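Shown next, in structure tokens, is the structure this report addresses.
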Amino acid sequence: MGLEQALTRPPTGERARFDLGDSGGPRLVGSRCGDCATAVWPGRAVCHRCGGCDVRDVPLARTAALLTFTEVHVPRPGLEVPYTLGQVRVDDGGPLLFGRVRGLAADAELPCPVRIVVSEDGGDGPAYWFEPAR
């Protein structure tokens, strides 16, 4: 696909970010570059790493490795303190993601395997979060 064709694809804000109808349960949908294999979330029309236009929407793995986390004690509307935020590397060569971590033990060793949980209710809470894989 040439750059002209990439520009006809939906912009990032209009791309599907979640697949709620997947038979294995809801999951994140990103994109992967066919030229350099870089994966991102949310999906893009052009690869941010190599500028390639052979970018395809792909469902991301439901598992990841928690690389770092922090406990937040500053209140934010809709979030009771303390809450935990973390950065994960999605399995299967997926992207780095940042988000809320729920149910993490204080003595968790890193990297820690986690599941990516996608909300189906569409409420005011987070659309996705990470939980330790048990």
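What you see is a predicted model, and the numbers here were worked out from it, not measured in a lab.
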Distance-only, no hydrogens or angles: does the [X] side chain make a donor-acceptor pair with backbone N or O of [Y] under 3.5 Å?
X: Arg32; Y: Val55; result: no
X: Ser31; Y: Arg44; result: yes
X: Asp92; Y: Gly94; result: no
X: Arg49; Y: Ala39; result: no

Path from Leu20 to Val58 over hydrophobic side-chain contacts below 4.5 Å: yes
In one Ile/Leu/Val/Met/Phe/Trp/Tyr side-chain cluster, 4.5 Å: Leu79, Val72: yes
Less than 4.5 Å apart, side chain to side chain, heavy atoms only: is that true for [X] and [Y]?
X: Leu60; Y: Val29; value: no
X: Pro113; Y: Pro132; value: no
X: Val114; Y: Leu104; value: no
X: Tyr83; Y: Val81; value: yes
X: Leu85; Y: Val101; value: no
X: Leu28; Y: Val118; value: yes
X: Arg15; Y: Pro42; value: no

I need the minimum non-hydrogen distance between [X] and [Y], along with the two atoms involved.
X: Gly25; Y: Arg62; answer: O-NH2, 2.7 Å
X: Arg27; Y: Ala61; answer: NH2-CA, 3.9 Å
X: Thr38; Y: Cys47; answer: CB-SG, 4.1 Å

Sidechain N-carboxylate O distance under 4.0 Å for Glu131, Arg115: yes
Hey, what do you get for [atom1] ([X]) to [atom2] ([Y]), rounding to the nearest 0.5 Å?
X: Leu67; Y: Leu97; atom1: CG; atom2: CG; value: 10.5 Å
X: Gln87; Y: Phe130; atom1: CD; atom2: CZ; value: 9.0 Å
X: Asp91; Y: Ile116; atom1: CG; atom2: CD1; value: 7.5 Å

Cluster companions of Val40 among Ile, Leu, Val, Met, Phe, Trp, Tyr (side-chain spacing under 4.5 Å): none
Trp41/Tyr128 aromatic ring centres below 6.0 Å: yes
Arg100 to Trp129, cation-pi by 6.0 Å centre distance and 45° axis angle: no
